Structure formats: structure tokens, C-alpha cells
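Here's the structure, in C-alpha cells; my notes come after.
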Amino acid sequence: MKRLLSTVGLSHADWLHARKQGITGTDAGAITGMNSYVSAFQVYQDKLSTDVQETDNEAMRQGRDLEEYVASRFMEATGFKVRRANAIFQNEAHPIMLADFDRLIVGQKAGLECKTVSPYSADKWKDGAIPLHYQMQVQHYLAVSGFDCWYIAAMIFGKEFIIRKIERDEELIQYLVTIEERFWKEHILAHVLPEPDGSNSCSEEIAKLYFKSDGAKSVQLLGCNGLLNRRQELTALIDKMEKERSAIDQKIKLEMQDAAYGIAEPYRVSWVSSDTTRLDTKRLKAEQPDIYNQYSKTTTSRRFTVTKAA
């Protein structure tokens, strides 16, 4: 393991730029298709972009602020001592593999990853489970560090504090090395887009790339007939399945009548009344056009439709 760059005093923007030099632990789950929040397509765009997106939200802020607390709880629960790594590390044999660790465990060839988890995601940690993208992240860290094991400490807000130990898996590590080096060579260095994977993050990234259409432009979609035929088949199948699901819902509703809840173990069904207040924008525009225009906002979006000639 090579100490590539000290993070002491490093700005967040410079840290983000440094991570573009290779594949990091958080990239590993996306590249292997294990991360439902980030796609390989998104990783590709990030690595080739010269800009850094310093996105932040409340969950990210809480995760940063509570990292020290999670590390302290881990030490309290295990009796181990941990220290900050304060660096970005590199696998010397496979230099495109980078990692910056939350903590290293003193006196052991082991590290610690600190997580804060929404209670809505608690089921993903049930009965010893670990989300797959975190497993990929940790095995990536083990590949870079050469360590024997890694710990994940997860605080599920208001519910519980979880500690999981992940042993080094040589077969999985070799798989990661192969996948990551192939991704770097065949996509990043070659500037070739990875295949879209159907994820929301992939859709969002494509929408950012091509957010506005040219109304005067048409293109020939050469070689796309097979894809469009398959899309038609899937649309028909989805319509059929949605109709079947709607029929089931209707039968359950007839059984429930005016009851708000229904029980059929292990299922719990709710059909609860709620009052919704909506702004009558059509009336506001007609009666108070100045106020309507003052608070109106124009946004650009593209609607994707497919029609088949008769």
C-alpha cells in the first residue's frame, strides 16, 4: 500500500480532484452494478469531467458530523483503538485502485468504515446483512491496503448501533481488480461510454448531458429496430402486469370496504383517507395574472416517447 497524498489541510475540491485519478471504494459498487444509487455511467462522467460537483445535503452533513461519534461508539463496544488515516492510498500493483479510509485500527491489519443509516433502510442490515455496495467498498479497501479484515460500524438513527466484521475474500478481490482495471482501460482511457443499466442515476446523468432538444434536428437511429421491438414487447408485458396488479388491488379494496387497515399475515394493508389542499393555478392565472407570473418558474425538460407506425 502506497501513501499517495496527504489529506491534512486538503480542500474538499482538491480531494475530489484527487479521487478522479483512479477508482475509489465508493466507485467499486457502482462499477460492479451493486449500487442502486450510483451507476457506472455516472462514475464514467465524473472521472472524465474536469469539474467537481461539491454536492451536499442533510444526510451527507450528518454522516460527516457523526463519523467521530460512530468511531467512538465502535471503540467503546470493542475495546479497540482507532486512528485517522489522513491520506489517499494506492495499490502499488494496481495503481488505478485508490482508497481513503475512515479509520485504521491500531495494532491490527484492519480498518473501520463508519456509516449513519436512515431507519427506513434498517431492513437492509437485518439478521447480519450488509448492503452489497458496502461489501464491494470494503473488499476494495482490503485490496488496496492488503489488510486481513475490515469493520463496518453503522448507527441506525433512533434504533440501534451495528458492528459487522468482513474478512478478506481473495476471490472477490481478484474479481474487483479485473473489473476495475477493465473499466479504467476500456472506458475511462478509451473515452467509451459504459452501457446504460436502467438505473435512475443513469437517467439523471443522461438528462444532464442532453437537457435541451433541437426542434429542427432529426437523426436516423441505425441498428435500433431490435431495441425498439424489445421495448414494445416489454411495454405490452408491463401493461398486462399492471392491469393484473390493479385487479388484485380492487379485490382487496372490496374486502376492506371502509376499513383503514387490513391484516393478512405476513401482510399489512393500508387504505387511509387523507385531505389534500392544492393550488388552483388555472384560476390564479385567470384572476391574478401578475401574481401568477411573479411566482412562476420556467424549467426545461425532455419527454421521451416511442410510437409505432400502423
Side-chain angles (χ1 to χ4, degrees), residues 29-30 32-42 57-59 62 115-136 154-160 162 164 195-208 211 221 224-286 297 299-310:
T32 55
M34 302 293 183
N35 192 334
S36 57
Y37 306 105
V38 183
S39 68
F41 196 95
Q42 195 169 351
N57 55 45
E58 186 60 26
Q62 290 183 20
K115 301 292 184 187
T116 49
V117 181
S118 163
Y120 299 109
S121 297
D123 60 317
K124 296 176 183 177
W125 297 81
K126 192 176 179 181
D127 299 325
I130 304 169
L132 287 174
H133 62 288
Y134 291 154
Q135 294 185 47
M136 295 300 106
M155 182 183 68
I156 301 178
F157 290 110
K159 296 197 75 170
E160 59 183 321
I162 290 171
R164 302 275 191 265
E195 284 290 315
D197 58 10
S199 65
N200 288 335
S201 67
C202 187
S203 295
E204 289 167 5
E205 202 64 33
I206 292 172
K208 288 178 190 174
F211 64 92
L221 300 173
C224 290
N225 283 77
L227 290 174
L228 292 169
N229 287 338
R230 179 58 178 159
R231 186 184 189 277
Q232 288 294 100
E233 292 172 2
L234 291 171
T235 300
L237 181 60
I238 290 168
D239 288 345
K240 180 181 178 182
M241 294 174 73
E242 286 185 342
K243 186 175 180 181
E244 182 180 350
R245 185 175 66 176
S246 293
I248 292 172
D249 291 350
Q250 292 160 4
K251 290 175 183 178
I252 299 299
K253 288 175 181 177
L254 288 173
E255 288 292 325
M256 292 177 66
Q257 297 182 19
D258 61 352
Y261 303 100
I263 308 297
E265 294 295 348
Y267 300 102
R268 179 177 172 84
V269 181
S270 64
W271 187 21
V272 181
S273 305
S274 62
D275 296 324
T276 303
T277 300
R278 289 191 177 92
L279 181 65
D280 188 342
T281 54
K282 187 176 181 180
R283 181 181 174 188
L284 178 64
K285 185 178 182 180
K297 181 180 179 181
T299 60
T300 301
S301 62
R302 299 178 68 179
R303 184 184 176 198
F304 183 80
T305 61
V306 177
T307 56
K308 188 177 181 180

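What you see is a predicted model, and the numbers here were worked out from it, not measured in a lab.
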Go through the structure and list residues passing ring pair (Phe, Tyr, Trp, His ring centres under 6.0 Å) with Y134, not counting sequence neighbours. W125

Give a yes or no on this: more than 12 heavy atoms of other residues, nucleotides or ligands lie within 6.0 Å of atom [atom1] of [X].
X	atom1	answer
E255	CD	no
K253	NZ	yes
E233	CD	yes

So which heavy atom on [X] is nearest to which on [Y], and how close?
X	Y	answer
F211	T300	O-CG2, 3.6 Å
A122	I156	CB-CG2, 3.9 Å
Q257	L254	CG-O, 3.3 Å
V269	M256	CG1-SD, 3.7 Å
N35	A30	CB-N, 3.8 Å
G29	H133	CA-CB, 4.2 Å

Which distance, rounded to the nearest 0.5 Å, do you find between the [atom1] of [X] and the [atom2] of [Y]?
X	Y	atom1	atom2	result
M136	I130	CE	CD1	10.5 Å
L221	L228	CG	CG	7.0 Å
M155	F157	CE	CZ	4.0 Å
F41	D197	CZ	CG	9.5 Å
R245	K243	CZ	NZ	15.0 Å
I252	Q250	CD1	CD	11.0 Å

Could you please spell out the steps behind the side chain to side chain contact (heavy atoms under 4.5 Å, CB included) verdict for R230 and L234? CA-CA 6 Å; R230 179 58 178 159; L234 291 171; 3.5 Å; yes

Would you say the side-chain atoms of [X] pair up with the backbone N or O of [Y], donor to acceptor, closer than 3.5 Å?
X	Y	answer
S39	S201	no
Q42	E205	no
S121	K124	no

Quick one: does Y37's side chain get under 4.5 Å of N200's, heavy atoms only? no

